[in-house]
S.K.: 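What follows is a single structure, and I will ask about it in a moment.
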Amino acid sequence: MEPFVVLLPLFGALLAMPAGKLVSARFAELLTTALVGLAAIYSWYLFIDIGLGHNARDAALLFTWIASGNFVAEWAVRLDTMTAVMLVVVNTVSFLVHFYSIGYMHDDKSRPRFFAYLSLFTFAMLTLVTADNFIQLFFGWEAVGLASYLLIGFYHHKKSANDAAIKAFVVNRVGDFGFALGIMAIYFVFGSVEFDSVFDAIRTDAVVTPFAFSEGGNIRDLSINFLGSNVHALTLIGVLLFIGAMGKSAQFILHTWLPDAMEGPTPVSALIHAATMVTAGVFLVCRCSVIYEYAPTAAAMVTFVGASTAFFAATVGLLQDDIKKVIAYSTCSQLGYMFFAAGLGAYGAAMFHLFTHAFFKALLFLCAGSVIHAMHHEQDMKKYGGLRGVQPYTYVMMFIGTIAITGVGFPFLYDIAGFPVGTAGFASKDAIIESAYAAGEAGRAFGFYAFGMGLIAAVMTSFYSWRLMFLTFHGKPRAPEEVMKHPHSVPDWMLAPLAVLAVGALVAGMMFYPHFTGKKGDAFWDGAIYQSFGYESSYAYKETGDADGAISGDYAAAEEQYADEAHASDKAHGDDHGGHKLPTWVLYSPLVAMLIGLFGAWMHYMRGGDPLRPGLLKPGGVIHDFLKNKWYVDEVYRFLFLRPAQRLGRALWKGGDGRIIDGLGPDGISGLAGIGSRLIVKLQSGYIYHYAFAMLLGIALILFFVLTGGGQ
């Protein structure tokens, strides 16, 4: 039965277009939605049985996929807690997006094709998260890229949509090249691409002999030659894998495709940002936790890039006017939180935020789609205003999504309830920020940097999220009068999924906190996450029921020192959070950050009667233009890569191919033939006396040749 949780969406993808052609478009919509819905129901069963019920299952082997010499890659469905979490996220959000799309796409003539692409996207992501080896994971990785290309460019009649699809595909190829090199390095070092073989070797510090090496060594200390230098093998593998994750999860430098992906239909944006594509990178790093635990330099890179991305994307989101792009940069920033949590060893917190983020980010995107639909597909928030009375239901749902992403909660109730009391974002994002502080105290690289960037990003997240609410739903209407009087009606198909997501955005954090990052974490993950040194709880990689992920090395000394200082120091007088004494100000700092952002947005957009008046960052200023133009990253890429590539391509096309290859080759030869034919044509005048003269001239030449002895 387990393989059907992956195969049902594939069946929908294969049947959608034939069903639409043979029966009707509505039948294709209902068929694909029903199949994904069945997969979602079964996903929740697996999550409850495996994660909450602690009933471990072996991987379901389907067939041998590739076998060549000593290289073997099986196709299997891996079923552990991490897989169960991702199955719930992917299938639940996909089902709700399918359901929502029945209403959103009701006027589109290509609905069967759209639903086929949605189901294909879902299947690709499910293949990725259920992979039992790196080759199978790479197949799902690339299939996700293909499906995103098809969906981002779904409106193929629009040049902007085609350009965005190509951009997403090309930028991801950069990251995927690093990922492919990482997989090659894994096989080179371990002689296997199977997760269990690779992870067990690292966990036990086994002796491995890389390909063509005469002798090997313990994997944790092994160095190999790369580009002429000896590098730590696990560090090299960790860095290469993370480069792939940077592309898929839109981290700084490789993030440029994500905002442009908004050219696709809004349900596509919700699926990409909440459940598929961008979550793949976070999943990869957490799946390979044992690699990063013994590659501290690679882990430090993950932390630094993630924290920097959280800050960068939040700054850009401050001045975006397109409602979908505000939420898109929010996704980029939230992914940064997940990555720096994973880089600091808080894998449970990273996965927890991925889980809760799926609910409120899908809710925000689908609410934005409701607004766009009602406003005749206008996406500029400056042309909204006063929609609270026009769309009261959507307003309430968007409000819930906003308090979730900004982290509204009550930290003072933690001692009473035993878990964070508040929205989903409050529970998961606060766990990440607190873990970053604990990591910094323990001496983990970039721990305090991540803590600081996380708090600053939290202020900006609150600001731009409430800015979206105030510009869209409050104040005087700024849309044309005919739009405000006659907004498009929003079908019930679009409104029903919002309520389901709103429930998750409100209570998912409180319900699942003890399992993901709390006291029940060890039993919940049951070895799916390896952690040699923890800040939230000690996630041990369990083989026989005993903790085998013991604290080790310098980190262990730092942990012991921190524990002693935490109890002895006056500054560590706060709550006992996740096994660590955290200062009270740390526990309250995310809430304070949220309130600062809310207050700033309120003062700017709700006071004075003119929400569009210039604020602290006035148009024309250096900082304003810098943020408005997204740090000029696209312009830098255009200058460094795009224009030189265009000039080189034009030179090779016009000069190399046109003038040299074609000019001297087929075009040159044909040109010479043409010149020769034109000369010969001139001899064919059509006059008899010309031909007689030529004959006489020929005879004279022959006689001259004979008489002068040339014929002897």
S.K.: Who passes side chain to side chain contact (heavy atoms under 4.5 Å, CB included) against N162, sequence neighbours left out?
M.R.: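 N162 satisfies side chain to side chain contact (heavy atoms under 4.5 Å, CB included) with H156 once adjacent residues are dropped.
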S.K.: Could you list the donor-acceptor pairs under 3.5 angstrom formed between side-chain atoms of residues 253-260 and any protein atom two or more places apart in sequence or on another chain?
M.R.:
from: H255; atom 1: ND1; to: I253; atom 2: N; distance (Å): 3.3
from: W257; atom 1: NE1; to: G247; atom 2: O; distance (Å): 3.0
from: D260; atom 1: OD2; to: K167; atom 2: NZ; distance (Å): 2.9

S.K.: Pairs in or reaching into residues 127-140: which pass side chain to side chain donor-acceptor pair (under 3.5 Å), with residues at least two apart or in two chains?
M.R.: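 Counting only pairs at least two positions apart or across chains, the side chain to side chain donor-acceptor pair (under 3.5 Å) contacts touching residues 127-140 are R78-D132.
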S.K.: Would you check, one step at a time, whether the test side-chain hydrogen bond (donor to acceptor under 3.5 Å, both in side chains) holds for S428 with T356?
M.R.: CA-CA 7 Å; S428 59; T356 61; 2.7 Å; yes
S.K.: According to the ring pair (Phe, Tyr, Trp, His ring centres under 6.0 Å) rule, which pairs have a member within residues 6-25, sequence neighbours left out?
M.R.: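 Passing the test, one end in residues 6-25: no pairs.
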S.K.: Hey, would you say the Y45 and Y42 ring centroids sit under 6.0 Å apart?
M.R.: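 Here the rings of Y42 and Y45 have centres that are less than 6.0 Å from each other.
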S.K.: Got a sec, which residues hit ring pair (Phe, Tyr, Trp, His ring centres under 6.0 Å) with F4, two or more places apart in sequence or on another chain?
M.R.: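 F4 satisfies ring pair (Phe, Tyr, Trp, His ring centres under 6.0 Å) with no other residue.
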S.K.: Can you list, pair by pair, the side-chain donor-acceptor contacts under 3.5 Å of residues 279-288, counting residues two or more places apart and other chains?
M.R.:
from: T279; atom 1: OG1; to: A275; atom 2: O; distance (Å): 3.1
from: R287; atom 1: NH1; to: D80; atom 2: OD2; distance (Å): 2.6
from: R287; atom 1: NH2; to: D80; atom 2: OD1; distance (Å): 3.4
from: R287; atom 1: NH2; to: T83; atom 2: OG1; distance (Å): 3.0

S.K.: Would you mind listing every salt bridge (Lys or Arg N to Asp or Glu O under 4.0 Å) that reaches into residues 355-378, with sequence neighbours excluded?
M.R.: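 Sorted result for residues 355-378: empty, none.
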S.K.: How would you list, by chain and number, every residue that makes a side chain to side chain contact (heavy atoms under 4.5 Å, CB included) with I102, sequence neighbours excluded?
M.R.: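 Only R26, E29, L30, T33, F115, W493 meet the side chain to side chain contact (heavy atoms under 4.5 Å, CB included) criterion with I102.
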S.K.: Quick one: list whatever passes side chain to side chain donor-acceptor pair (under 3.5 Å) with T394, sequence neighbours left out.
M.R.: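 Testing T394 for side chain to side chain donor-acceptor pair (under 3.5 Å), a comparison that skips the adjacent residues, returns S370.
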S.K.: Does A28 have any side chain to side chain contact (heavy atoms under 4.5 Å, CB included) partners at least two apart in sequence or in another chain, and if so, which?
M.R.: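 Residues passing side chain to side chain contact (heavy atoms under 4.5 Å, CB included) with A28: A19, P112.
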S.K.: State which residue, out of F473, Y605, F399, fulfils the ring-ring contact (aromatic ring centres under 6.0 Å, His included) condition with W466.
M.R.: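 With W466 as partner, F473, Y605, F399 yield a single ring-ring contact (aromatic ring centres under 6.0 Å, His included), made by F399.
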S.K.: Please list, chain by chain and in numerical order, all residues satisfying side chain to side chain contact (heavy atoms under 4.5 Å, CB included) with H157, sequence neighbours excluded.
M.R.: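 Per chain and number, H157 pairs via side chain to side chain contact (heavy atoms under 4.5 Å, CB included) with Y155.
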S.K.: Sort and list the pairs that fulfil salt bridge (Lys or Arg N to Asp or Glu O under 4.0 Å) and have at least one residue in residues 34-57, not counting sequence neighbours.
M.R.: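 Found E2-R57, D49-R57.
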S.K.: For Y337, does the six-membered ring have the charged nitrogen or CZ of K429 within the cation-pi criterion, i.e. under 6.0 angstrom from the centroid and within 45° of the normal?
M.R.: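 Yes, K429 sits over the ring of Y337.
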S.K.: Given 3.5 Å as the limit, does a donor-acceptor pair link the side chain of S465 with the main chain of T406, or not?
M.R.: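 Absent.
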